[in-house]
There are 2 protein chains.
Amino acid sequence: MIHVNDGAGFGRQGRAMFSSGSIPQQARSTPDSRSLFDRFAATIFQDALTDVVRARFRALARNFDVSAGNAALSSVEHDRICYLASGATKLVAQASNGREQVIAFHFAGELISIPARSAHDYALCALKDCELVVFSADEFLALANREPGLAGPVLERALAALARCREQSIALGRKTAQERVASFLVTIAGRIGRAEAGGCVIDLPMSRRDIGDSLGLTIETVSRQFGELRDRGLLETSGRSIVRLPDPAGLDALAGHLTHAA
Amino acid sequence: MIHVNDGAGFGRQGRAMFSSGSIPQQARSTPDSRSLFDRFAATIFQDALTDVVRARFRALARNFDVSAGNAALSSVEHDRICYLASGATKLVAQASNGREQVIAFHFAGELISIPARSAHDYALCALKDCELVVFSADEFLALANREPGLAGPVLERALAALARCREQSIALGRKTAQERVASFLVTIAGRIGRAEAGGCVIDLPMSRRDIGDSLGLTIETVSRQFGELRDRGLLETSGRSIVRLPDPAGLDALAGHLTHAA
DNA sequence: CGCCCTTTTGACGGTCATCAAAGGGCGTGG
DNA sequence: CCACGCCCTTTGATGACCGTCAAAAGGGCG
């Protein structure tokens with residue numbers, strides 16, 4: 001139903017994402033869903049689980065269907081780890097005064113780490129209809145740690161998520177509005193863009209507000225930067241969610257990345 | 001020599017940090033240092049390595065002494081994992097135009113992940129004289145993944161680093177200069193502060209510029225905010241590096257954290 | 001003790017947030 | 001299938017916060 005992660009993209013940089021995990025509250029639990037768990041085991045562990053270990057993981061897993069726009073997990077007491085089988089989500093942090101920061105976006109096949117509520121409050125929200133497999137982080141990690149060969153794939157994804165969060169920190173700390181928007185477009189194109197004749201097409205599952213909240217900008221500034229990029233011939237939009245990048249390299253040049261000449 | 005991580009602090013929130021890893025260039029390699037590796041094995045694996053596995057890790061490890069102000073690892077080709085036995089470091093990312101973003105600070109006993117050069121360039125720099133144990137991330141992870149019980153502690157630290165990076169994203173994306181500085185002080189106090197009569201004392205190993213570069217602010221703005229906090233009686237400084245927080249709770253109230261009443 | 005570099009303090013300007021309103025997409029209902 | 005209407009998005013005007021430029025003060029090392 002959701003066509004994310006189905007494109008070749010052009011940036012070729014993203015692997016599975018790791019964000020943060022917590023306990024579902026307003027989502028309805030589905031008793032079991034063989035194929036959902038299977039997809040988790042196949043994607044994360046390459047189907048290399050023994051029957052015994054597989055059964056142990058299944059005992060820890062809880063499946064959830066969350067429809068677009070709803071919170072899947074919010075303000076949880078303990079850390080969660082969550083496999084996103086289908087759909088797209090955002091991890092949102094709340095600070096005082098109702099300010100929100102989108103920490104990360106996730107797409108089908110990714111593993112997400114959701115931190116327990118502490119200084120800030122985290123919520124995982126569905127951007128599209130989602131199927132989730134949710135674990136307690138403690139239980140998941142204890143089990144993965146006990147058997148050889150299981151923690152590696154998870155660790156790899158956690159480090160990839162860390163690397164991505166750091167890239168985000170650079171954008172938030174040191175980049176102009178235009179560079180942030182360009183970075184966002186290039187990055188997201190690498191994750192869910194489809195290469196097409198002379199460019200790349202993205203079907204954005206998130207709103208302008210989500211984009212702004214992820215870049216530390218307002219919705220108006222994002223819109224203005226889109227307009228600017230449009231004027232420069234680097235961006236074409238069709239409806240609210242379809243974006244075409246005629247010249248990804250030109251866009252990348254505006255993203256504030258280090259020139260590889262240095 | 002460096003007295004980090006020796007205080008009880010008051011925030012009690014930090015565990016080992018995970019940042020990023022890469023190959024030393026300007027650091028001089030020391031052939032071997034039994035006690036250095038021992039401290040690594042003791043801290044990260046609680047000395048639970050078998051002799052065989054221990055020997056394998058030692059074969060992968062390279063020890064480095066780096067003096068304050070020098071780069072330990074910079075612009076590396078492959079991801080690194082690095083144990084900081086003593087001292088203090090910063091992980092710096094470079095964007096275009098010479099802009100720098102300090103991604104994280106690290107203190108003795110922490111594990112650091114250093115990403116290979118890509119869209120941005122990363123460097124691990126010593127704030128104080130440091131002793132490091134450096135691994136290739138690929139080799140380290142492959143080895144840790146092969147044996148049961150080894151990847152867990154590493155994964156735990158990676159997730160803690162991810163959580164901290166996310167907290168940083170909130171500050172960078174949505175907080176005012178004052179909130180960022182207050183957050184910084186509260187967080188750093190929790191990591192290296194010493195509780196004293198009516199407050200908390202921190203010996204900052206980093207300069208104002210480092211602080212600014214980590215908060216997405218200029219050195220002048222940091223200094224101004226320090227002045228403001230001083231005027232409010234929330235901060236006392238003694239020399240360049242000694243900071244006293246007479247009222248950590250009052251400072252935390254300015255940090256933009258979510259009130260736990262909600 | 002003296003120099004150099006970090007930090008502090010001040011004045012000004014730019015970028016982006018805020019406030020406001022018009023335009024367009026997309027779902028709903030007729 | 002078309003039309004209505006809500007809400008998301010776009011566009012505009014104004015202003016605040018923080019960056020930039022500049023210079024003085026203070027700390028720490030030789």
Side-chain angles (χ1 to χ4, degrees), chain A residues 67-69 90 95 97-102 127-129 171-185 203-232 235-243 254 256, chain B residues 67-69 90 95 97-102 127-129 171-185 203-232 235-243 254 256:
Chain A
S67 53
K90 60 176 176 180
N97 255 32
R99 292 170 294 184
E100 293 194 343
Q101 175 70 32
V102 171
L127 298 171
K128 301 228 169 202
D129 293 348
L172 293 173
R174 285 293 175 228
K175 290 191 182 177
T176 65
Q178 177 157 348
E179 289 172 329
R180 295 185 204 191
V181 170
S183 288
F184 167 80
L185 289 170
D203 185 357
L204 295 176
M206 73 290 284
S207 68
R208 297 287 185 275
R209 172 166 302 281
D210 291 331
I211 297 173
D213 283 346
S214 80
L215 298 177
L217 301 171
T218 61
I219 183 176
E220 295 95 329
T221 299
V222 171
S223 188
R224 268 184 266 268
Q225 295 304 329
F226 269 49
E228 171 107 15
L229 293 175
R230 216 179 332 235
D231 292 346
R232 295 209 195 187
L235 180 70
E236 299 164 15
T237 55
S238 165
R240 279 170 183 157
S241 60
I242 303 295
V243 167
L254 294 180
Chain B
S67 54
K90 60 176 177 180
N97 254 35
R99 293 170 294 184
E100 293 195 341
Q101 174 69 33
V102 171
L127 298 170
K128 302 228 168 201
D129 292 349
L172 294 172
R174 285 293 175 229
K175 290 191 182 177
T176 65
Q178 176 155 353
E179 290 171 327
R180 294 184 204 191
V181 171
S183 289
F184 168 79
L185 289 171
D203 184 357
L204 294 176
M206 73 289 285
S207 68
R208 297 286 185 275
R209 172 166 302 280
D210 291 331
I211 297 173
D213 283 346
S214 81
L215 298 177
L217 300 172
T218 61
I219 183 176
E220 295 95 330
T221 299
V222 172
S223 188
R224 268 183 266 268
Q225 294 305 329
F226 269 48
E228 170 107 16
L229 293 175
R230 216 179 331 237
D231 293 345
R232 295 208 195 190
L235 180 70
E236 300 164 15
T237 55
S238 165
R240 277 170 183 157
S241 60
I242 303 294
V243 167
L254 295 180

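Only heavy atoms go into these numbers, but all of them, side chains included; no hydrogens, no water, no symmetry mates. Note that the coordinates shown come from a computational prediction; the quantities given were computed from them, not determined experimentally. Below, chain A is the first sequence line, B the second, and so on; all start at residue 1.
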Checking all strands, does A:Gly216 fall into the base, sugar-phosphate, or nothing category for heavy-atom contacts under 4.0 angstrom?
sugar-phosphate

Within the structure shown, what part of the strands sits under 4.0 Å from A:Arg180 by heavy-atom distance: base, sugar-phosphate, or nothing?
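No contact.
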
What integer distance in Å separates [X]:[atom1] from [N]:[atom2]?
X: B:Asp213; N: D:dG19; atom1: CG; atom2: P; answer: 11 Å
X: B:Gln225; N: C:dT7; atom1: CD; atom2: C1'; answer: 15 Å
X: A:Lys175; N: D:dG19; atom1: NZ; atom2: P; answer: 17 Å
X: A:Ile242; N: D:dT9; atom1: CD1; atom2: C1'; answer: 16 Å
X: A:Leu215; N: C:dA17; atom1: CG; atom2: C1'; answer: 15 Å
X: B:Glu228; N: C:dT9; atom1: CD; atom2: C1'; answer: 14 Å
X: B:Ile219; N: D:dG27; atom1: CD1; atom2: C1'; answer: 14 Å
X: A:Leu204; N: C:dG25; atom1: CG; atom2: C1'; answer: 15 Å

Considering the options A:Arg224, A:Arg230, A:Arg232, which one meets the salt bridge (Lys or Arg N to Asp or Glu O under 4.0 Å) requirement together with A:Glu228?
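Of the listed options, the one satisfying the test is A:Arg232.
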
Salt-bridge present (B:Arg99, A:Glu179; N to O < 4.0 Å)
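The answer is yes: the pair qualifies as a salt bridge.
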
Out of C:dC16, D:dT10, D:dC18, whichever nucleotide has its closest atom nearest the side chain of A:Arg208
D:dT10

Any side-chain N or O of [X] below 4.0 angstrom from OP1/OP2 of [N]?
X: B:Arg224; N: D:dG19; result: no
X: A:Arg240; N: C:dC26; result: no
X: B:Ser207; N: C:dT6; result: no
X: A:Arg209; N: D:dC8; result: no

Would you say A:Leu215 and A:Thr221 make side-chain contact, with heavy atoms under 4.5 Å?
no

Residue pair B:Phe184 / B:Leu217, side-chain heavy-atom distance below 4.5 Å
no

Quiz question: by atom type and distance under 3.5 Å, do the side chains of A:Arg208 and A:Ser223 form a donor-acceptor pair?
no

Please name the nucleotide paired to D:dA25 by Watson-Crick or G-U wobble geometry with both distances under 3.5 Å, or report none.
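Base partner found: C:dT6.
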
Want to settle it: does A:Arg174 or A:Arg230 sit nearer the 5' end of DNA chain D, counting the closest nucleotide to each?
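Taking each residue's closest nucleotide, the earlier one in sequence belongs to A:Arg230.
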
Is there a donor and acceptor pair closer than 3.5 Å between the side chain of B:Glu220 and the base of D:dC21?
yes

Result for 5'-nearest mapping on DNA chain C, choosing between A:Leu217 and A:Ser238, is A:Leu217

